[in-house]
Every structure is written in structure tokens, then in C-alpha cells.
Amino acid sequence: MKISGMVMIIITTLLLFLITIMVTMDVEFGWVFYLTCFGQLMVILMVYKVLTDQYSTDKTFEDFYEDRPIKRDQDL
């Protein structure tokens with residue numbers, strides 16, 4: 001099973017939120033420590049996965065941001 005970069009981001013984010021919740025609920029230090037170490041490994045793996053993911057787009061810097069497109073002469 002191949003996991004995409006976006007799925008790795010979601011998994012890592014949920015793990016780090018879980019660690020934050022565990023710290024606020026005073027969970028035993030050992031659990032928090034080992035999950036934090038695992039979380040750091042997940043961050044490294046996530047960065048590697050995102051950088052090596054086979055993603056391509058036809059957007060360029062001229063397209064600016066997708067949430068606020070720039071009107072061009074050709075679009076009028």
C-alpha cells in the first residue's frame with residue numbers, strides 16, 4: 001500500500017495533536033516521551049515523503065494563489 005504525502009501530513013498532525021492532548025491530561029511521562037520520539041521520526045518521514053511524492057501541476061508563479069486568482073487580459 002502506497003501512502004501519499006498528504007496522508008502522511010494528516011497522520012503526523014493527528015499524532016502530534018494526540019501528544020498535546022496527552023500532556024494536558026497528565027498521562028504518564030513514558031507514553032508521552034516514546035510518542036514524542038515516534039512523532040519526530042514521523043516528521044522526518046513526512047518531509048521525505050512530501051519531497052519525493054510524484055506530484056505535478058500546470059500552475060506557474062504567474063497564476064499567483066488559487067484562492068485569489070488574478071484577472072488577466074486573456075480572461076476578460
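Sequence positions, counted from 1, serve as the residue numbers for this chain. Every value quoted in this text rests on a predicted model; they were computed, and no experiment measured them. FYI, side chains are in, hydrogens and waters are out, and symmetry mates aren't considered; it's all heavy atoms of this structure.
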Donor-acceptor list for residues 21-42 side chains, cut-off 3.5 Å, not counting sequence neighbours:
from: Thr24; atom 1: OG1; to: Thr20; atom 2: O; distance (Å): 3.4
from: Thr24; atom 1: OG1; to: Ile21; atom 2: O; distance (Å): 2.8
from: Thr36; atom 1: OG1; to: Val32; atom 2: O; distance (Å): 2.6

According to a hydrophobic-cluster definition based on side-chain heavy atoms being under 4.5 Å apart (Ile, Leu, Val, Met, Phe, Trp, Tyr only), do [X] and [Y] belong together?
{"X": "Met46", "Y": "Leu51", "answer": "yes"}
{"X": "Val50", "Y": "Val47", "answer": "yes"}
{"X": "Ile11", "Y": "Tyr48", "answer": "no"}

Q: List in chain and number order the residues that pass side-chain contact (heavy atoms from CB on, under 4.5 Å) with Leu16, two or more places apart in sequence or in another chain; answer none if no residue qualifies.
A: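 Result, side-chain contact (heavy atoms from CB on, under 4.5 Å) vs Leu16: Thr12, Ile19, Val43.
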
Q: List the atom of Thr13, the atom of Ile9, and the distance in Å for their closest heavy-atom pair.
A: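 Closest approach of Thr13 to Ile9: OG1-O, 2.7 Å.
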
Q: Ignoring hydrogens and angles, tell me if any N or O in the side chain of Lys49 forms a donor-acceptor pair with the backbone of Ile3 under 3.5 Å.
A: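 Checked: pair present.
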
